[in-house]
Protein chains: 2
Amino acid sequence: MTIRVVIADDHAMIRAGLRLVAENAPGVDVVGEAADGVAAVAVTRRERPDVLLLDIAMPRLDGLAAATTLLANPAPPRIVMLTTFGSDENLHAALRTGVSGFLLKSSPPEHLVEAVRVAAAGDGMIDPAVTLRVIASFAAQPLSPPPELDTLTPRELDVLRLLTRGLSNREIATEAGISEATIRGHVAQVLRKLGVRDRLQAVVFAYESGFVRPGRP
Amino acid sequence: MTIRVVIADDHAMIRAGLRLVAENAPGVDVVGEAADGVAAVAVTRRERPDVLLLDIAMPRLDGLAAATTLLANPAPPRIVMLTTFGSDENLHAALRTGVSGFLLKSSPPEHLVEAVRVAAAGDGMIDPAVTLRVIASFAAQPLSPPPELDTLTPRELDVLRLLTRGLSNREIATEAGISEATIRGHVAQVLRKLGVRDRLQAVVFAYESGFVRPGRP
DNA sequence: GGTTCCCTCCGCCTGCCGGGGGAGGAGGCA
DNA sequence: TGCCTCCTCCCCCGGCAGGCGGAGGGAACC
């Protein structure tokens, strides 16, 4: 029932440190090491560990690419991504690959052990230091109620909704069952109220303001 | 330096359990309780705790509304949301409010204590049991690469990106530093490859496919 | 009754968009 | 070398979009 772990990092010193921390934890066994992404993939395929500790920044093949490669195969290991800097690019890119954990190297050793155990159990863990940023990426949009939208009349909101479906004035007129001339008037009004130049910018505004969201008809 | 905590849950039994767990942790002090959302807001405003443990499902005012209310005020407490079921609705709704933690009641007590400490420190924690779903919500869209986008050349992708900012051909030309005629050609190509009629639908496609996302420049 | 807002509709006109077709240079590949 | 893709640029032309001003009917409010 031990958790078999492979460590991938290009710095020997850090590998040693990670190994020390991991092996000091009961039930955790380090079964391999790799100093770059290509080796990480090879060692992982050979050893089939439960958990792969993967540094993002590595030569030849970076951790993101290695994770993507491994996760595309059947029965991949759980991957805990390690990084020195918790930049938004690193964070989002890592989460996108579908890793089970994301940890900063500045995290206390017990977090690392916890992340390994959690990952091995099929769950996930994100470093507390960056978790708020993950949450913020959910909260960011709906917390911005664009004041301009409030001034739109119901009819104008209808028209804006239809605009975001890529319809022409004529199509909107058909859809709404009124004349195209009326739609033109509504569209002009919407553009004026939103302070945008054309229907294209109105659609961008609608998406960016959260008035419409991708994937919801 | 103790962490002052308020507990809000409509079940007295659960409040007692949470209090027991929290007070058993060194440096954590429970300074108030509430049995519904309205009381939670009132107690929180009176006690000004560092951390508020907030159940989602509560009478009068649910935890989500209470969190939204409190977080809209200046100097809000850190909020750790508690829930019995880790449904996607609960999860996303909670993260949207901007809480610092999201925990299932089925989590081990030490997770609760850890979440309180992490929240008090200004960081965030998401229950390992639902973290993978959070990660998946990042991976969900980019893992569906609409085949049409693959056929676009780098230049055409640039143009599409600029299109989604609501720019005219002339503005795109200026932005890209090439002639408008060239942009017209690229746009025509993009429309053809995406199978859409005009730039408006191309922008809608870009948003709906996840090629661009609201709120990310 | 007057005012205001919303919804409906009309015509005119300028300008950009998009379709069509063509063309040349740069770079990769066999 | 030939072949291909990509990027660059051009012309013509029809059509829709958007700005302009105007107008009438209905509902709500004072």
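Below, each value reflects all heavy atoms present in this structure, side chains not excepted, and no hydrogens, waters or symmetry copies. Below, read A as the first sequence line, B as the second, and so on, with proteins coming before strands; counting in each chain starts at 1.
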Nearest whole angstrom, please: distance from the [atom2] of [N] to the [atom1] of [X].
X      : N      : atom1 : atom2 : answer
A:R192 : C:dC5  : CZ    : C1'   : 13 Å
A:L157 : C:dC7  : CG    : C1'   : 14 Å
A:I183 : D:dC16 : CD1   : C1'   : 15 Å
A:R197 : D:dG18 : CZ    : P     : 10 Å
A:Q189 : C:dC6  : CD    : P     : 8 Å
B:R199 : D:dC16 : CZ    : P     : 17 Å
B:K193 : D:dT5  : NZ    : P     : 10 Å
B:D198 : D:dG15 : CG    : C1'   : 12 Å

Original post:
Does A:S100 reach the side chain of A:D123, with side-chain heavy atoms less than 4.5 Å apart?
Top reply: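 Side chain of A:S100 against side chain of A:D123, heavy atoms only: no contact under 4.5 Å found.
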For [X] versus [Y], what's the shortest heavy-atom pair and its separation?
X     : Y     : value
B:P49 : B:V31 : CB-CG2, 4.4 Å
A:D10 : A:P59 : CB-CD, 3.5 Å
A:R45 : A:R48 : O-CG, 3.7 Å
A:D62 : A:A65 : OD1-N, 2.8 Å
A:A39 : A:A34 : C-CB, 3.6 Å

Subject >> Check: D:dG18 base within 3.5 Å donor-acceptor of A:R184 side chain >> reply: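 Indeed there is one.
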Original post:
Could you give the distance from CG (B:D9) to CG (B:L54), rounded to the nearest 0.5 Å?
Top reply: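 The CG atom of B:L54 is 9.0 Å from CG of B:D9, to the nearest 0.5 Å.
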Subject >> Point-to-point distance, once rounded to the nearest 0.5 Å, from CG of A:L95 to OG1 of B:T131 >> reply: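 One finds 10.0 Å between CG of A:L95 and OG1 of B:T131.
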Original post:
Where the side chain of A:S179 is concerned, which of C:dC7, D:dG19, C:dC10 is the nearest nucleotide?
Top reply: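 Nucleotide nearest to A:S179's side chain: C:dC10.
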**OP:** Measure from the side chain of A:E180, starting at C-beta and using heavy atoms only, and say which of D:dA17, D:dG18, D:dC9 lies closest.
**Re:**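 Closest nucleotide to the A:E180 side chain: D:dA17.
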Original post:
Considering the terminal five base pairs at each end of the helix from C:dG1-D:dC30 to C:dA30-D:dT1, what angle separates the two local helix axes, rounded to 10°?
Top reply: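 Roughly 40°, once rounded to the nearest ten degrees.
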For [N], take OP1 and OP2 only and decide whether either is under 4.0 Å from a side-chain N or O of [X].
X      : N     : answer
A:T153 : C:dC7 : yes
A:T182 : C:dC7 : no
B:R155 : D:dT8 : yes

Original post:
Does a salt bridge link A:R165 with A:E175, judged by any charged N lying under 4.0 Å from a carboxylate O?
Top reply: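 Yes.
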**OP:** Please work out which residues in residues 160-173 of chain A have a non-hydrogen atom less than 4.0 Å from an atom of DNA chain C and list them by number.
**Re:**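 Going residue by residue through residues 160-173 of chain A, none turns out to have a heavy atom under 4.0 Å of DNA chain C.
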Subject >> Flag, side chain of A:T68 to backbone of A:T97, donor-acceptor distance under 3.5 Å >> reply: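 A pair under 3.5 Å: no.
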Original post:
Within the distance-only criterion (no hydrogens, no angle test), does the side chain of A:Q201 pair as donor or acceptor with the backbone N or O of B:G166 below 3.5 angstrom?
Top reply: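 Checking the backbone N and O of B:G166 against the side chain of A:Q201, a donor-acceptor pair under 3.5 Å is found.
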**OP:** Step by step, work out the side-chain hydrogen bond (donor to acceptor under 3.5 Å, both in side chains) result for A:T2 and A:D29.
**Re:** CA-CA 7 Å; A:T2 65; A:D29 204 7; 4.9 Å; no
Original post:
Which parts of nucleotides 22-30 of chain C does protein reach within less than 4.0 Å, heavy atoms only, written one letter per nucleotide 5' to 3' as B for base, S for sugar-phosphate only and - for none?
Top reply: ---------
